[in-house]
Amino acid sequence: MRGRMSQWNPRIAAVFLMAVLVTLLHWTTPHAGKVSEVRIGNILPLTGPSASAGRQNRSAIELATEYVNAAGGIKSLCGARLVNAWADTRGEVAFGMSAVEHLIKNEKVSVISGAWNSAVTYPTTQAAEQAKIPYVVPVSVRDTITDRGFKYVFRTAPKDGWRSRDQFRFLRDMTRSTRTKVETLALVFENGGWGTSMKDQWTKLATSQGYRVVLVEPYDDAATDLTVTVMKIRNAQPDVILLASFTEDAVLLASAMSALKVGAKAVIASGGGHGSNAFLESAGKSCEYLFDVSGWEPDMDRPAIAPLNEEFRKRFGFELSAETADAFASVYVIARALEEAESTEPEDIRDELTDIEMCRGKGWLGTDILACDCIEFDRTGQNRHAGYVVVQFRKVGGSMERVTVWPESAARKGFKPVFPMP
């Protein structure tokens with residue numbers, strides 16, 4: 001033994017130790033040849049008040065997962081399949097926090113997606129950040145979700161604050177392209193939290209962009225008659241009227257403005273009630289030429305929407321919406337990050353999400369149906385290309401429709417904004 005030890009060459013020992021280290025690394029790090037599936041944690045309100053939306057988002061995610069797996073799964077991981085693990089939040093923070101813990105500790109997920117309700121997404125993203133698990137946010141729009149300097153949180157949808165930003169961008173584009181002078185604004189809004197928040201955003205933007213606000217008019221959304229409000233609008237004679245309304249009050253305003261012949265170069269709504277089918281059906285011709293902002297519309301110039309929408313109708317009995325489109329697309333974002341990472345390690349996936357750039361027309365069905373042209377995250381984790389489109393209520397074939405008119409890249413074929421309003 002002593003003789004054999006005396007013949008042990010340090011150079012040979014180094015080679016031996018290196019071989020041992022390589023063997024250990026082979027068994028302790030993700031290896032493409034050993035991975036058969038990648039577990040994705042999904043947090044959604046599958047029961048409770050938001051259950052309908054949660055279940056629709058689940059259907060969208062399941063269909064996208066089916067498509068990704070049918071196309072070969074994650075090829076850099078030898079065709080590993082995406083496998084979804086589900087956790088119900090019931091739309092409540094406490095259940096959401098339990099869901100994150102369950103997915104990370106018990107389901108051993110590599111990445112999390114969720115949680116639909118902004119109030120649940122906000123704390124659950126913080127929990128994932130602390131655990132260093134990447135968290136993709138497809139739907140929740142609360143601004144502060146991506147305003148905290150987190151490194152593991154990535155949102156594909158636009159912030160809620162960008163709603164007013166894009167209203168003013170649209171207004172600027174219209175005044176420039178049509179050479180229409182717009183100097184004065186009327187801010188008309190339901191007096192609850194949402195309407196007041198919109199008013200505050202409008203006021204900041206109006207001040208910074210040189211518009212003069214001639215009317216700031218809150219109203220009770222439970223009112224059964226808004227004639228007085230509309231008379232104040234008419235007397236103020238604004239160039240543009242900005243609205244934040246729920247459904248019933250939106251109908252009352254549209255009807256009264258039509259009856260009292262309120263003249264303005266544009267009326268621009270903020271989604272909410274103006275985005276509902278009930279508003280379109282009840283307001284009828286009184287909403288003609290009114291503008292509204294939207295996160296997504298089925299008539300956008302995106303050829304991939306129609307066949308996918310038909311598949312949704314056949315499979316699930318409902319059509320694509322802004323939220324289900326975002327949920328569907330999020331699966332492709334996760335799949336792309338996994339493909340580039342060649343790993344199931346959360347840190348590697350996070351690094352690839354940080355550098356990801358997915359644009360329309362490159363073969364990713366998820367991005368081909370979105371309003372934005374690309375998905376690319378800024379240093380806060382927010383998709384820098386996300387934004388809102390603008391629709392205009394127009395008569396098409398004798399009936400009133402929501403027609404996407406802005407930006408030009410998303411506008412329904414054959415349609416441009418009618419600005420100023422007739």
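Below, each value reflects all heavy atoms present in this structure, side chains not excepted, and no hydrogens, waters or symmetry copies.
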Look at atom [atom1] of [X] and say whether more than 12 heavy atoms of other residues, nucleotides or ligands are closer to it than 6.0 Å.
| X | atom1 | result |
| --- | --- | --- |
| Glu107 | CD | yes |
| Arg165 | CZ | yes |
| Glu408 | CD | no |

Which one of [options] satisfies the side chain to side chain contact (heavy atoms under 4.5 Å, CB included) criterion with [X]?
| X | options | value |
| --- | --- | --- |
| Thr203 | Leu187, Val216, Val213 | Leu187 |
| Val188 | Val230, Ile233, Leu242, Leu226 | Ile233 |
| Tyr219 | Leu252, Leu253, Asn191 | Leu253 |
| Arg155 | Ile145, Thr125, Asn383 | Ile145 |

Measure across [X] and [Y] and return the closest heavy-atom pair with its distance rounded to 0.1 Å.
| X | Y | value |
| --- | --- | --- |
| Val240 | Ile268 | CG1-CD1, 4.1 Å |
| Pro422 | Val418 | CD-CG1, 3.8 Å |
| Ser409 | Asp301 | O-CB, 4.2 Å |
| Val333 | Met358 | CA-SD, 3.8 Å |
| Thr324 | Ala60 | O-CB, 3.5 Å |
| Ser118 | Ser140 | OG-CB, 3.5 Å |

With distance as the sole criterion, is a donor-acceptor pair present between the side chains of [X] and [Y] under 3.5 Å?
| X | Y | result |
| --- | --- | --- |
| Ser286 | Ser258 | no |
| Thr124 | Tyr135 | yes |
| Glu190 | Ser245 | no |

TODO: Just say parallel, tilted or perpendicular for the rings of Phe328 and Tyr332, cut-offs at 30° and 60°.
DONE: tilted
Task: Parallel, tilted or perpendicular: ring planes of Phe170 versus Phe419, cut at 30 and 60 degrees - done: perpendicular
Open item on the list: Let's go through Thr144 and Tyr122 carefully: what are the C-alpha distance in whole Å and the side-chain angles of both, what is the deciding distance for side chain to side chain contact (heavy atoms under 4.5 Å, CB included) to 0.1 Å, and is it a yes or a no?
Closed with: CA-CA 8 Å; Thr144 51; Tyr122 186 80; 3.4 Å; yes
Task: Positive for ring pair (Phe, Tyr, Trp, His ring centres under 6.0 Å) with Phe393, one of Phe291, Phe415, Phe279, Tyr289 - done: Phe279
Rounded to the nearest 0.5 Å, what's the gap from [atom1] on [X] to [atom2] on [Y]? Could you check?
| X | Y | atom1 | atom2 | answer |
| --- | --- | --- | --- | --- |
| Thr380 | Phe150 | OG1 | CZ | 11.5 Å |
| Glu311 | Leu63 | CD | CG | 6.0 Å |
| Leu370 | Ile305 | CG | CD1 | 8.5 Å |
| Arg350 | Thr354 | CZ | OG1 | 4.0 Å |
| Leu44 | Ser50 | CG | OG | 10.5 Å |
| His385 | Glu357 | NE2 | CD | 6.0 Å |

- [ ] Any ring-ring contact (aromatic ring centres under 6.0 Å, His included) involving residues 226-260? Give me the pairs, sequence neighbours left out, ordered by first then second residue.
- [x] Trp194-Phe246
TODO: Using the side chain to side chain contact (heavy atoms under 4.5 Å, CB included) rule, take Ser52 and Phe318 through it: C-alpha gap first, then chi angles, then the decisive distance, then the call.
DONE: CA-CA 11 Å; Ser52 177; Phe318 64 85; over 6 Å; no
Determine yes or no for a side-chain-to-main-chain donor-acceptor pair under 3.5 angstrom, with [X] supplying the side chain and [Y] the backbone.
| X | Y | result |
| --- | --- | --- |
| Ser276 | Gly272 | no |
| Trp116 | Glu323 | no |
| Lys265 | Lys181 | yes |

Is any side-chain N of the basic residue among [X] and [Y] closer than 4.0 Å to the acidic one's carboxylate O?
| X | Y | result |
| --- | --- | --- |
| Asp160 | Arg163 | yes |
| Glu339 | Arg336 | no |
| Arg302 | Asp373 | yes |

Task: Phe377: ring pair (Phe, Tyr, Trp, His ring centres under 6.0 Å) partners, not counting sequence neighbours - done: Phe154
TODO: Evaluate the side-chain proximity of Arg169 to Tyr388: yes if any heavy-atom separation is below 4.5 Å, no if none is.
DONE: no
Open item on the list: Any non-hydrogen side-chain atom of Thr121 less than 4.5 Å from a side-chain atom of Val139?
Closed with: no
Please list all pairs passing the salt bridge (charged side-chain N to carboxylate O under 4.0 Å, His left out) test where one or both residues lie in [range], with sequence neighbours left out.
| range | value |
| --- | --- |
| residues 122-151 | Asp147-Lys159 |
| residues 199-213 | none |
| residues 87-104 | Glu101-Lys105 |

Open item on the list: Let's go through Met421 and Val267 carefully: what are the C-alpha distance in whole Å and the side-chain angles of both, what is the deciding distance for side chain to side chain contact (heavy atoms under 4.5 Å, CB included) to 0.1 Å, and is it a yes or a no?
Closed with: CA-CA 8 Å; Met421 294 168 58; Val267 178; 4.1 Å; yes
Task: For Glu401, all residues meeting side-chain hydrogen bond (donor to acceptor under 3.5 Å, both in side chains), sequence neighbours excluded - done: Arg412
TODO: Apply side chain to side chain contact (heavy atoms under 4.5 Å, CB included) to the pair Thr180 and Asp239, showing each step before the final yes or no.
DONE: CA-CA 10 Å; Thr180 301; Asp239 292 326; over 6 Å; no
